[in-house]
Amino acid sequence: MDVSIIIINYNTFQLTCNCIASIIQFTKNVTYEIILVDNASTECDPENFKKEFPQISLVKNTVNAGFAAGNNLGIQMAKGELILLLNSDTVLLEDSISTSVNFYRSHPMAGVIGCRMIYPDGSIQYTARKFRTIKWELFDLFRFIPYLMPYKKRARLMLGKYFRHDEIVSCDWLNGAFFLFKKNLLTLLPGNKLDERFFMYGEDQLWCEQISRQGLKNYFFSETAIVHINSGSTDIKKRLQLRKVMMKHELKIMKLRKGEGLYYFVFAAIFTAKESVRNLVKAAVFKFTGKILK
């Protein structure tokens, strides 16, 4: 079998059904299986998925174990040469899986492959990323500087929101909503599985960091696109709390990368100050205008 597609469901029955239906509709040129891991949903009986899609494999978790642990449960059942972690709030528009698998196989030093993602309105999501560094933080803080650079130089240096996501590039890490890798790559990772230290958010960056240490390259593949709804909460307090969690995880990853020396403390000071001010600005804008800044 070519690829095992693993989807985590937690109280997103209709979104997950839409995702599965799009896989079945568009995936034609590779052999695949769909493994659905239900993380103790309360919305409905998980067996309803089997009624809708008898061909899938269903794993019913007894607790909400989070994204990483849920995926590890699915991987234990996987028969495919490749693993695709696919968010339940994604929808395929074409045979993105086959195209991505072919690209992966043509790059023997590939670690993880991620494809282009768009919001339902067609706008691009910034999914190809650089690891944060002191230099990156300063350029992001004084962003007029990268915008004085030619686009190509700025895009390669910064990626993320500075990159149009319109060409194939090697990058440091990718959004975990579409995360393709060889199953045997897990033998190179701690515990021979995806690291579960983060319950949710930041685990994709952590995994890419661990994979990069093995001398493998992670690629953003621009030649196919999927819809990633990724609507998020409209509650500003929840959004800011989420940002705080993500900041905490960023610092943990930096500590893993650089150790707890001078570099880490300088980075932490710049990063924490910059993001804290941004959070205050976001809260103030929401309070006075009702608008949520991205």
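Keep in mind that the numbers below use all heavy atoms, side chains included, and drop hydrogens, waters and symmetry copies.
A distance-only check finds a donor-acceptor pair linking the side chain of Asp204 to the backbone of Gly176 [under 3.5 Å]. Proximity of a side-chain donor or acceptor of Ser96 to a complementary backbone N or O of Leu92 within less than 3.5 Å is not detected. For His165 (side chain) and Ala128 (main-chain N/O), a donor-acceptor pair under 3.5 Å exists by modelled atom type. The closest donor-acceptor contact from the side chain of Lys28 to the backbone of Gln25 lies under 3.5 Å.
Under the 3.5 Å distance criterion, with hydrogens and angles disregarded, no donor-acceptor pair is assigned to the side chains of Asp89 and Thr12. Side-chain atoms of Gln125 and Asn175 form no donor-acceptor pair, as typed in the model, at a separation below 3.5 Å.
The existence of a salt bridge linking Arg105 and Asp2 is confirmed by a sub-4.0 Å separation between a basic side-chain nitrogen and an acidic carboxylate oxygen. Between Glu275 and Arg278 a salt bridge is recorded (basic side-chain N to carboxylate O distance below 4.0 Å). Taking 4.0 Å as the cut-off between side-chain N and carboxylate O, Glu250 and Lys255 do not count as a salt-bridged pair. The pair Arg213-Glu209 meets the salt-bridge criterion, with a side-chain N (NZ, NE, NH1 or NH2) lying under 4.0 Å from an Asp/Glu carboxylate O. Salt bridge status for Glu223 with Arg116: absent, with no side-chain N to carboxylate O gap under 4.0 Å. Using a 4.0 Å cut-off between charged side-chain N and carboxylate O, Lys130 and Asp140 make no salt bridge. The pair Glu81-Lys183 fails the salt-bridge criterion, with no side-chain N (NZ, NE, NH1 or NH2) lying under 4.0 Å from an Asp/Glu carboxylate O. Salt bridge present: Glu196 and Lys193 bring a charged side-chain N and a carboxylate O closer than 4.0 Å.
A cation-pi arrangement is absent between Lys161 and Tyr126, since the terminal nitrogen or guanidinium carbon is not both under 6.0 Å from the aromatic centre and inside a 45° cone about the axis.
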* Show your reasoning for whether side chain to side chain donor-acceptor pair (under 3.5 Å) applies to Ser57 and Glu33. => CA-CA 8 Å; Ser57 298; Glu33 62 178 347; 4.8 Å; no

* Worked verdict on Phe179 versus Trp207 for ring-ring contact (aromatic ring centres under 6.0 Å, His included) -> CA-CA 10 Å; Phe179 205 78; Trp207 300 336; 5.7 Å; yes

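Ile5 contributes atom CD1, which lies 10.0 Å from atom CD1 of Ile20 (distance to the nearest 0.5 angstrom). For the atom pair Asp195 CG and Leu186 CG, the distance stands at 11.5 Å (nearest 0.5 Å).
The aromatic rings of Phe103 and His107 sit tilted relative to each other, their planes meeting at an angle between 30° and 60°. Using cut-offs of 30° and 60° on the angle between ring planes, the pair Phe13 and Phe49 is tilted.
No more than 12 heavy atoms of other residues, nucleotides or ligands sit less than 6.0 Å from atom NZ of Lys248.
There is no path of hydrophobic side-chain contacts, each under 4.5 Å, that joins Tyr151 to Tyr147. Side-chain heavy atoms closer than 4.5 Å link hydrophobic residues (I, L, V, M, F, W, Y) into clusters, and following such links, possibly through other members, connects Leu58 to Phe53.
A search for ring pair (Phe, Tyr, Trp, His ring centres under 6.0 Å) contacts involving Tyr264 returns nothing, not counting sequence neighbours.
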